[in-house]
Every structure is written in C-alpha cells, then in structure tokens.
Protein chains: 2
Amino acid sequence: MRILIVEDEPTLGPQLKATLEGAGYAVDLATDGEDGHFLGATENYDAAILDLGLPEIDGLTVLDRWRREKRNFPVLVLTARDSWSDKVAGLDAGADDYLAKPFQTEELIARLRALIRRAAGNASSELIAGDVRLDTRSGRVTLAGEPVKLTAQEYKLLSYLLHHKGKVVSRTELIEHIYDQDFDRDSNTIEVFVTRIRKKLGADIITTIRGLGYQLDDPQG
Amino acid sequence: MRILIVEDEPTLGPQLKATLEGAGYAVDLATDGEDGHFLGATENYDAAILDLGLPEIDGLTVLDRWRREKRNFPVLVLTARDSWSDKVAGLDAGADDYLAKPFQTEELIARLRALIRRAAGNASSELIAGDVRLDTRSGRVTLAGEPVKLTAQEYKLLSYLLHHKGKVVSRTELIEHIYDQDFDRDSNTIEVFVTRIRKKLGADIITTIRGLGYQLDDPQG
DNA sequence: CTTCGACAATCAAAATCCGCATTCGGGCAC
DNA sequence: GTGCCCGAATGCGGATTTTGATTGTCGAAG
C-alpha cells in the first residue's frame, strides 16, 4: 500500500514517513501544498495524510483540487488542535477522516488501515481468499488455520492482491503501489515475490494472466 | 484495438505506449503534430490520444485537419492543467473526451475503453453475441456462462469482431487493428486465430464471407 | 454435371515470447 | 559477525505466436 504524506513541519513529516514505512507502507512525502497536489494528482496512492496548515497552497485547497480532478483515494486530514471549523471544512471538501494534532501514531495507523479497508469495500479487517486469511490489524497470515510467516514484501504484495480480489492486476500497477516513487521498473522482482508467495501458500492462490498480470480468484465472484 | 498517441514529452510518450501495450492495445507513437497528423490520416486507428501542446503543428490544428478529412475515430485530448479555454476549444474541434494533465494511467485506460465502446455504439462494457459474452472491463470471456480461456491474440481478434458485430470485417482490417505499424501483412495468421476461436467457442460464431472477410452474426439485429 | 482455380481451413513445425526457478551479492538487523 | 531479506541476473521450459505446407471447399465457367 502506498501513502502520500503532505506535511510541512520538518520534524513531524520525516518522522511520520519513518513510522509508516516501519508499518509496511510505501511512503512519499511532500513538504508543501504545491508539491503535494502534484504528487497526488500524478501518482497512484491508496491513501493520503494531509496537514491543513501548509505553506504555498492551503491544505483545503489541495484537497478540493484533488476531488475536482476526481482523485478519490481516501484522505485523512490533520487539523491543528480541535479546530472545529477546520474539521467541518475538511469533511466538506471531501476528507474521509480527521485527526487532531497532537496524536498518537498508533491511532493514526489504525485509522489509516480502516480507511484503506473501507475504500476497498471490506467491512472486516480480515481479507480472505480460499484457505488464506490475512488480518490487516495484526498483520498475520494463515493458511487453512495454520500461521504462515511472510516477509514484508511478500505481505505487501499479497495484501494488495487481496484488496483487489478478482481484478487482474498488472505488474506496473503492483510496482506502483508497493514501492514509492523511484524504482527501477524493469526487473523481475514482482515475479520473484509471486513465486515465493506461491511456495508458501500454494501455487493456485495466485493466477497468472499471461501478458496482462496476476489475479487472485474470488470464490464467490 | 489500435491506438495512436501524439505526445511530444520524451518521458510521457514512451511510458504511455508501454502502459497501453501492457493493457493489450496495439500502439503507434508520434512525437510531433506533423507526424501525428500524417499517421492519423493514413492508418486506421480505433482511437487517438492527442496532446494539445505540441511543437511544429498545434494539437488543435491536427484534430481539426483530421475532422476535415473525415477521420472520425474518437479522440481523447490531453490538456495542460485545467485550462478551461483549451477544453472548450478541444470539444469544439471535435474531441470526444478530455483529460487534464497530470492524470492517472488507470483513469486514462478506463476512458479509452469507454471511448472505443461508445464509438462502436455499445452502452455496456459487455459485448454479447449468441452464447458468447466478453467483458471488456475484466477481460473475461464466457460461453453459455462457462468461462473460456483465450490467449491474448484470440481475445483481441474476438473483441474487434464483437465491437463491429454484424459488419463484414476484412482480413486487412483485422490486421491493421490488432497489430501496430510494422507487421508483415501477408501471412495467414488471422485464419489461424479464427480457427482457434471457432474451436473454443463453436464453429458458427464467426461466419466466413468468401472473398471479403469475416462476420459476427448479430442475433437481434 | 464436372472441372478448375481461387480462396479458406487445418495441421505441424519453428521461432519467439513470457514467466518461473534458482542463484548470488549486498545490505540491514540482530 | 551472522543470518535473513531483498532485488538483480541468468538460463530453462512451456505457452503462444507465426510460418509454411497441405488439404479442403466454394463458385463460376464450360
């Protein structure tokens, strides 16, 4: 999952980035509204964290522009203190959730997870396909009830496929969502991880659509 | 389906081409208006993506010339930012859709699909002929409800015929729309694929019109 | 009705493409 | 330092595409 953070404070921004990366997300950080808007408009994110108090362009403006441009990834807005008006305005402009500063990183992560889950249309924190279950809350994966140890990248890849169950996902799309901006696009990394996941969870979990990408079968779809 | 991209930016152009090819299209790329106009006037495309800011000839001029020459493939115009005037001018000159830069590749693909669909007079994303159904969104084909596995080329061929249901389609036309510019025109590749599709979906799905080409019967039309 | 020629369909082999397994070096964490 | 994970490179194998040759079919003309 790939996240965009738009945050100007020189300490908080990088700190957030580090925390989220530690939690297994691919993170891009923009330090002003101009840059933030551009990234959100150009790249493919699964969610964004947006500070409302920004230099150059105001956070609300950024959000408003994204929505006008039909960018509909979920946005979590950071408001200074309990500024009630900001909160209302943010929700009006199309924010999906808000969090008042200062906040606990744990809460931020929990809310982020909920947002991404909701955006994918899943009610529960558990993603299921066949015998495989992935709990986004604990980060655990089980195969027919037995716990399976996945590495960070394996987990990310599987999680993205589960979030888009039934859809054919191209290699490009996977790379765009699992890694952040700068990544060498032509290598067989994705294939390697698919192979490793198949080795751990069984070959039939991921279907190859030759020439197009990979697909996770949806039993009831 | 064959697409023409007219885009001068040295990174965006090839990148788009690669993405669309990954999505199963045959793509030609022109890097200036002169070349773009020539290709669009000479070859047969199912759609074109046209950047308005071009060297040599302006994008609008290219579009205008095509329309004067009665080239009526759908054109998706790329406008810089939300330049309102460009948008209006583009639609005036005969563009079928527009997209403001920067955009997300997924959205571009979705719109392109819609354009081609609309141009063929289809409202839904599902193409139907007899017992055969093809969903352009997911890329799935079913025969009487049962899923059928088609290879990339088989799919392209079938999809083109379905888009032109009822019409007699010549071999040349098929080759022109399934492959891009450089392709050896005299071979019996098309016949081979027709045979294979018939084997998978039943012989009566595609009718041969001797001396002219192939035709997909339209039961209700 | 028969024959001939042109066109279409089929088959098998060759060439190509694409994905997969494996290996390996570097880096990071413990 | 040691072990594990990541990502790049390589070669293999199978699927797919293409080619070329052969067989089959249709339609017109005699």
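Letters A, B, ... are given to chains in the order of the sequence lines, protein chains preceding strands, and every chain is numbered from 1. Remember, it's a predicted structure, so these values are computed and weren't measured experimentally.
Remark: P of C:dC18 and CG of A:Asn188 are 14 Å apart, rounded to the nearest angstrom. Here D:dT18 presents its P atom at 16 Å from CZ of B:Arg171, a figure rounded to the nearest Å. Atom NZ of B:Lys149 and atom P of D:dA15 are 9 Å apart (whole Å). Atom P of nucleotide D:dT17 and atom CD of B:Glu154 are separated by 6 Å, given to the nearest angstrom. Put simply, CD on A:Glu21 is 13 Å from P on C:dC28, counting in whole angstrom units. The distance between atom CD1 of A:Ile190 and atom P of D:dG7, rounded to the nearest whole Å, is 9 Å. The distance between atom CG of B:Leu157 and atom P of D:dT16, rounded to the nearest whole Å, is 16 Å. Between B:Phe193 atom CZ and C:dC11 atom P the separation is 16 Å, expressed in whole Å.
To the nearest 0.5 Å, atoms CD (B:Glu9) and CG (B:Asp51) are separated by 6.5 Å.
None of B:Leu157, B:Thr136, B:Leu127 except one satisfies the side chain to side chain contact (heavy atoms under 4.5 Å, CB included) rule with B:Leu162; the exception is B:Leu127. With A:Trp66 as the fixed residue, the ring pair (Phe, Tyr, Trp, His ring centres under 6.0 Å) test singles out one of A:Phe38, A:Tyr45, A:Phe73: A:Phe73.
Scanning all heavy atoms of the two residues, the minimum distance from B:Ile116 to B:Met1 falls at CG2-SD, 3.9 Å. A:Asp135 and A:Ser138 get closest at one heavy-atom pair: OD2-OG, 2.8 Å.
One finds a side-chain N or O of A:Thr208 lying less than 4.0 angstrom from the OP1 or OP2 phosphate oxygen of C:dC20. Residue A:Thr151 places none of its side-chain N or O atoms closer than 4.0 Å to OP1 or OP2 of D:dC4. An OP1 or OP2 oxygen of D:dG7 is reached within less than 4.0 angstrom by a side-chain nitrogen or oxygen of A:Tyr179. OP1 or OP2 of D:dA8 has at least one side-chain nitrogen or oxygen of A:Ser187 nearer than 4.0 Å. Note on B:Tyr155: every side-chain N or O is 4.0 Å or more away from OP1 and OP2 of D:dT17.
Of the candidates C:dC20, D:dA9, C:dA8, C:dC20 carries the atom nearest the A:Glu191 side chain, counting heavy atoms from C-beta on. Side-chain proximity of B:Thr189 to the nucleotides D:dT19, D:dC6, D:dA8 is greatest for D:dT19.
Side-chain atoms of A:His177 and A:Asn44 form no donor-acceptor pair, as typed in the model, at a separation below 3.5 Å.
In this structure, B:Arg133 and B:Arg140 have side chains that are not in contact, with every pair of non-hydrogen atoms separated by 4.5 Å or more.
Here A:Val192 lies in heavy-atom contact (under 4.0 Å) with a base.
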Within the sub-3.5 Å range, which N or O atoms of nucleotides 23-26 of chain D have a protein N or O partner, and how far apart are they?
from   : atom 1 : to       : atom 2 : distance (Å)
D:dT25 : O2     : B:Arg210 : NH2    : 3.2

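A heavy atom closer than 4.0 Å to some atom of DNA chain D occurs in A:Arg196, these being the qualifying members of residues 195-205 of chain A.
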Exercise for review: Assess whether salt bridge (Lys or Arg N to Asp or Glu O under 4.0 Å) is satisfied between B:Asp180 and B:Arg2, documenting all intermediate values.
Suggested key: CA-CA 7 Å; B:Asp180 56 18; B:Arg2 190 166 163 207; over 6 Å; no
Note to self: Before you tell me yes or no, could you show the steps for A:Asp96 and A:Arg67 under salt bridge (Lys or Arg N to Asp or Glu O under 4.0 Å), namely the whole-Å CA-CA distance, both residues' side-chain angles and the distance that decides it to 0.1 Å?
What the structure shows: CA-CA 12 Å; A:Asp96 299 87; A:Arg67 294 318 190 200; 3.0 Å; yes
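Atom NZ of B:Lys167 has more than 12 heavy atoms from other residues, nucleotides or ligands within 6.0 Å.
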